[in-house]
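To start, the structure under review is shown below, and the notes come after it.
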Amino acid sequence: MLDFIAGIIVTSWFGIHRQPQPELKPMELLPWSTTAIFELPRLNRDRHSSQKIVSYLENLTDQGFEGNRQGIWVQSDWTVLGSNSGQTALPAASLTKVATTLAALDKWGVQHQFLTDIYLVGKLNDGIVEGDLIIQGSGDPFFVWEEAIALGNALNQLGIRKIQGDLLIIDKFYMNYQDQSLAAGELFKQAIDQTQWQREVRQQHDQMPAGTMAPQVAIAGKVKTINHLSEQAQLLIRHRSLPLGEILKQMNLYSNNQMAQMLTDLVGGAVKLALVGQEVAGVEPSEIELVNGSGLGESNRISPRAVCQMLITIERLLHSSAWSTADLFPTAGRDTVGTVQARSLPPGTILKTGTLDRVSALAGVIPTGDRGNVYFSIINYGNQVERFRQQQDILLNDLVQSWQLIPNNLSVATKYNWYLGDPQRNSLNIEH
């Protein structure tokens, strides 16, 4: 069933007071320009935009793609510029990460930092710990080589060169997107001892600021897990992660599935993601069905309208802070790596991509001076993913020809110059 709706949006930012939508009966696929339901509504003042969207959809059906499986929703702050299957839950691919981003912000707030604590059990004599080293994590999904190297250097600063006992892992310690405690512990053990470095670790160390030391903390024992912290444990170092907003930016920039799933598990699972979408963003239950937080698999389904509602809600959650959606998602014209590297999108467009074997999705925000923010979500289904991407880019560039763009070039990260392995995020207990 194809439906094209354009007019004044009747939903508030919170998704309440929604007018019931009349149910449209299935109809035979006819040329769009002669089908009554595709006539431009009189209430829609942006005739140019509506016609561009109609032409885009006609082009897809002309190429043989199923019209009712090509989802689109475009709206300015109050006006729906176009919709096709806009309220139908469709395979969303990595647009699922918009829901993950929303749930993480709702739970922790944009400036939250995950803690990783390092403890000592035993005595320190002449650089040697006669006992064990303990890592207590809290679920940092972006703890990677650089962060571990900085912690190794902090241990060296405390005079520690060797651990005679074991490396003990407690709670949620992840490393290099590995969420299995023993495997993460083995990576940490390697990272803090330069004599055990392989090529990958050396390459990451070479990209750290000039003068960054190569740590040497040898652990003689094995990596083990424990259930609780010993009363004899002495806190050595408290490590704070990058702010959640920057972690989300990196997750969305590279569409990192492991990071997304770690965050999903921490907030309570895929069911919780969908529930947050419903309760916080006002998404209809029928418009969001999730089985994971990454978007892998066609069982993750979100309607184009629901994606836009969640983007609007993310902006609302950030309203009282210095952050914006441009700090959490890639921005065209500013970010040139990750999933946006080969895209040709209007400068300043804040976006999230999504790709599966038969799904190409694109959603985001276009800041304008004459329409406010324009939110869009496009979900294409078929075996021509690369063609879908090209046509999505063409559509957005066609739409903005009559709009006054407001480029987004700066970010919170630019102001604060955060980087992986920053020793300033390690607090040392020098009285251990």
Side-chain angles (χ1 to χ4, degrees), residues 9-19 21 71 73 75-78 80 86-90 92-114 139 141 243-249 251-252 259-295 300-329 350-352 354 361 363-365 372-377 379:
I9 189 168
V10 295
T11 1
S12 72
W13 277 17
F14 304 97
I16 56 178
H17 307 310
R18 186 178 291 107
Q19 298 285 344
Q21 297 288 341
W73 184 273
Q75 71 172 82
S76 62
D77 282 334
W78 301 109
V80 179
Q87 296 168 248
T88 302
L90 301 169
S94 283
L95 296 193
T96 301
K97 294 182 178 72
V98 175
T100 307
T101 299
L102 172 62
L105 289 176
D106 180 63
K107 181 175 178 64
W108 293 297
V110 69
Q111 299 191 69
H112 175 78
Q113 291 176 283
F114 297 94
L244 176 63
E246 181 64 14
I247 291 174
L248 292 171
K249 170 63 179 296
M251 176 191 77
N252 288 318
M259 291 175 70
Q261 193 55 48
M262 289 174 187
L263 288 169
T264 299
D265 293 340
L266 289 170
V267 301
V271 173
K272 179 64 174 179
L273 290 190
L275 190 62
V276 171
Q278 295 166 29
E279 295 181 346
V280 179
V283 173
E284 292 289 346
S286 62
E287 295 186 38
I288 183 167
E289 306 165 9
L290 302 178
V291 298
N292 57 50
S294 65
N300 288 284
R301 294 174 175 265
I302 310 175
S303 75
R305 180 178 72 166
V307 175
C308 291
Q309 283 182 247
M310 289 190 287
L311 287 170
I312 291 170
T313 305
I314 287 170
E315 285 194 334
R316 176 171 59 83
L317 292 178
L318 297 174
H319 182 70
S320 61
S321 72
W323 299 68
S324 72
T325 50
D327 297 309
L328 309 186
F329 296 93
I350 302 156
L351 54 101
K352 180 70 195 80
V365 188
N373 285 334
V374 176
Y375 306 89
F376 66 91
S377 179
I379 302 176

## Note on the structure
Value for OG1 (T96) from CG (L273), rounded to nearest 0.5 Å, stands at 8.5 Å

### Query
In Å and rounded to the nearest 0.5 Å, what is the CD1 to CD distance from I312 to Q75?
4.0 Å

### Query
How many angstroms lie between atom OG1 of T313 and atom CD of Q309, to the nearest 0.5 angstrom?
7.0 Å

### Pairwise distance CD(Q278) to OG(S286) - rounded to 0.5 angstrom
9.0 Å

### Query
Do the side chain of S94 and the main chain of K97 share a donor and acceptor less than 3.5 angstrom apart?
no

### Query
Is there side-chain contact between L290 and I302, with at least one heavy-atom pair below 4.5 Å?
yes

### Task
Examine distances only and state if a side-chain atom of E287 and a backbone atom of S303 form a donor-acceptor pair shorter than 3.5 Å.
no

## Note on the structure
On a heavy-atom basis, the closest approach of S377 and P304 is CB-O, 3.3 Å

### Query
Would a distance-only check, ignoring hydrogens and angles, find a side-chain to backbone donor-acceptor pair under 3.5 Å from D327 to S324?
yes

### Query
With a 4.5 Å limit on heavy-atom distance, are the side chains of D77 and Y375 in contact?
yes

### Query
Going by heavy atoms in the side chains, are L244 and F114 under 4.5 Å from each other?
yes

### Task
Any chance you could measure L351, atom CG, to T325, atom OG1, to the nearest 0.5 Å?
10.5 Å

### Task
State, to 0.1 Å, how close V276 and A103 come at their nearest heavy-atom pair, and which atoms those are.
CG1-CA, 3.9 Å

#### Entry: Shortest non-hydrogen contact between T100 and A260, atoms and distance
CG2-O, 3.7 Å

### Message
Is the ring pair W108/H112 parallel, tilted or perpendicular, if the boundaries are 30 and 60 degrees?
### Response
parallel

### Query
Side-chain contact, heavy-atom cut-off 4.5 Å: T101 with L105?
yes

### Query
Roughly how far, to the nearest 0.5 Å, is the CE atom of M251 from the CD atom of Q261?
11.0 Å

### Task
Examine distances only and state if a side-chain atom of N252 and a backbone atom of L328 form a donor-acceptor pair shorter than 3.5 Å.
yes

#### Entry: Student check: side-chain heavy atoms of V307 and W73 closer than 4.5 Å
no

### Query
Between T264 and N292, is there a donor-acceptor pair closer than 3.5 Å when you use the side chain of the first and the backbone of the second?
no

### Query
Should L311 and K352 count as side-chain neighbours, where that means a heavy-atom distance under 4.5 Å?
no

### Message
Contact between D106 and E279 at the side-chain level, heavy atoms closer than 4.5 Å - yes or no?
### Response
no

### Query
Quick one: does P243's side chain get under 4.5 Å of V110's, heavy atoms only?
no

## Note on the structure
What one should report as the nearest heavy-atom pair of V98 and M310 is CG1-CB, 3.9 Å

### Message
Give me the atom names and distance for the closest heavy-atom approach of G139 to L266.
### Response
O-CD1, 3.3 Å

## Note on the structure
Heavy-atom closest pair (K272 atom, V267 atom, distance to 0.1 Å) is CG-O, 3.2 Å

